[in-house]
Amino acid sequence: MSSHKLPISSMTGEAEVAVLAVIRACQLTKSVQNTLTVDEKVTKPDKSPVTVGDLAAQSLISLHLLDSFPEDKIVGEEDTTELRQNNGLRAKVVDLVNEGFGKGRAEAGAWSEGKTFSESEILSAIDAGSDVGGGTGRLWTIDPIDGTLGFLRKEQYAVCLALIVDGQVELGVLACPNLGTNSVDDETKGVLFLARKGEGSWSRPIESPEYKQLSLPASIPSSSIRFLESVESGHSAHGIQARIGALLGVPENTSLRMDSQAKYGCLGRGEGGAYLRIPTKYMGGKAYEEKIWDHASGSLLISESGGICTDMHGEPLDFSQGRTLKSNDGVVAAGRDMHAKVLEAVKQAVAEAQTGKL
Ligand SMILES: Nc1ncnc2c1ncn2[C@@H]1O[C@H](COP(=O)(O)OS(=O)(=O)O)[C@@H](OP(=O)(O)O)[C@H]1O
Ligand SMILES: [Mg+2]
Ligand SMILES: [Mg+2]
Ligand SMILES: [Mg+2]
């Protein structure tokens, strides 16, 4: 495959495959989102939803990786437990994956265009993502639909793929079919973000390979901050985050709430000023370990845009611990100077919550 359109100088082969796979998965998931009803979801054992879109997109992306990098490990969010016992769901997934290979024509040398895969190849590709992860060797992590709840609401979601080598995120791709191409309010939708460790970060329209370098201001005035936070109140502690805003002098009720790693994309291109993910356990909720596929691409995007992305205590996110970020607690991301100020406010707001002052 030719790599002349990519803005990076190393790992171009990996980036080319990753971008093509993610673009095809965006086209697949978009066509599913246009027709899917809220009832067409399956509830996983952890009570979270999964759809034909998540399963087909994971298979499609994995098939690209298995062909190009057969030695690499894959950590994907989804598995085939439900698919193997649900004939209707399985048939839909097989059709969607094969249709997906007719897509992505705008990309140079689209691999396997028009090829069809058998049911067993499609299922095995999903299960290839069951690796336990860890800190040695090359590992791809896939979130085929990040923000499935947003996807079902016809709102924001992201298709995410990252390459982790010896525990360090080296390459991150993150595409948001429903996000404004240049800004949240842009009427033209569909943006792909790409980050390469040590080289920088870029965005481009999903539909055309025109890359634009990103940069995140070191700091912005408090009056202009709009926190990037989850839509779901069960995913981050909105009450504590509001207090952090008050401590920093951020105007009330201005948060940009959106599902998925689209939040990191917005921050990386200079919108919002800070991403907050304070665990709900600080407000009496259940403990939760963040998953590596929910943060790998986004955290690299922030650091390569000139910002800082750590956990809520200022510790680096540690992607070498397996399928989860088990040694971390929450996430805080912001511009280079802003980050320390946000961490201070986090400390104070969490202390207040823990002593019942909130
Ligand atoms: N309890 C809890 N706490 C924190 N995070 C959780 C929790 N449960 C789920 N998840 C993960 O959140 C992912 C999407 O979350 P976001 O916060 O980005 O979006 S939103 O909450 O849907 O608005 C979501 O990703 P997807 O499953 O890919 O949608 C989950 O991995
Ligand atoms: Mg996710
Ligand atoms: Mg997901
Ligand atoms: Mg999920």
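The first residue of the sequence shown is numbered 1, and numbering continues consecutively from there. As the structure lists them, so they are numbered: ligands from 1, and atoms in each ligand from 1.
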Begin from the C-alpha positions of D186 and S183 and carry the test side-chain hydrogen bond (donor to acceptor under 3.5 Å, both in side chains) through to its verdict. CA-CA 5 Å; D186 195 345; S183 70; 5.0 Å; no

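With hydrogens and angles left out, the side-chain atoms of Y282 and D329 include a donor and acceptor closer than 3.5 Å.
With the Mg ion (ligand 3) as the vertex, OE1 (E77) and OD1 (D143) define an angle of 90°, rounded to 10°.
Taking the six-membered ring where the residue is Trp, F117 and F101 present tilted rings, their angle falling between 30° and 60°.
Taking the N/O/S atoms of D146 in turn, the shortest distance to the Mg ion (ligand 2) belongs to OD1. The atom of D294 nearest to the Mg ion (ligand 2) is OD1, with the search restricted to N, O or S atoms.
For the Mg ion (ligand 3), the set of nearby N, O or S atoms under 2.8 Å includes one belonging to I145.
Salt bridge annotation for R84-D127: present, with a cationic side-chain nitrogen under 4.0 angstrom from a carboxylate oxygen.
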